[in-house]
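Beneath this line is the structure, given in structure tokens, with notes to follow.
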Amino acid sequence: MSDLFEGLKALHANAFPKTCACCGTVFTDQAHYIAGTVPVAADKSGFKSMLDDDEHDVLGWFRNCKCGSTLLTYHLDRRDMSAQGLKRREKFAALQQRLLAVGWTAEEARQALLAVVQRGEVTAHLQQALKQARSD
């Protein structure tokens, strides 16, 4: 399970780095992006289902840079059935199976992995599993 964290990072790595065209701030990863931006509206998630230039499903995430400029990052929609989308789903399933193998419930594993993919958030429970994996 020592490669778990690398697998988690690979699930959303394609969206970064992201540069604000207005002020030039470079967001190196999702955690930096979340910390350096604010929601476009307090009552909205900022997520929007979209199609990319190749007509593949993607999830667009709108947030405002601290300079006021609205930024958009694209994340592969988990329903993406392209070769790349299927590979991403396989990686998610493999990571979920690894967590199940160490005693997690299916829902715990799913929610922890979704937190990484959607918000760049590594839960305390997942951090504990990562520490255990590194020591094995």
*Rounded to the nearest 0.5 Å, how far does CG of L114 lie from CZ of F92?*
4.0 Å

Contacts of [X] that satisfy side-chain contact (heavy atoms from CB on, under 4.5 Å) - sequence neighbours left out:
X: V38; answer: N64
X: E90; answer: none
X: C23; answer: C20, T25, C65, C67
X: H125; answer: W104, E108, T123, Q128

Considering non-hydrogen atoms only, spot the tightest contact between [X] and [Y] and give its length.
X: R63; Y: T37; value: NE-OG1, 2.6 Å
X: L100; Y: T105; value: CD2-C, 3.5 Å
X: P17; Y: V26; value: CB-CG1, 4.1 Å
X: F16; Y: Y33; value: CE2-CB, 3.5 Å
X: T19; Y: G24; value: CG2-O, 3.9 Å
X: A129; Y: L99; value: CB-CD2, 4.4 Å

*In chain order, what residues pass the ring-ring contact (aromatic ring centres under 6.0 Å, His included) check against F62, with sequence neighbours excluded?*
none

*Fit a plane to each ring of F47 and W61, take the angle between them on a 0 to 90° scale, and name the class: parallel (under 30°), tilted (30 to 60°) or perpendicular (over 60°).*
parallel

*Under the side chain to side chain donor-acceptor pair (under 3.5 Å) test, which residues partner Q97, sequence neighbours left out?*
none

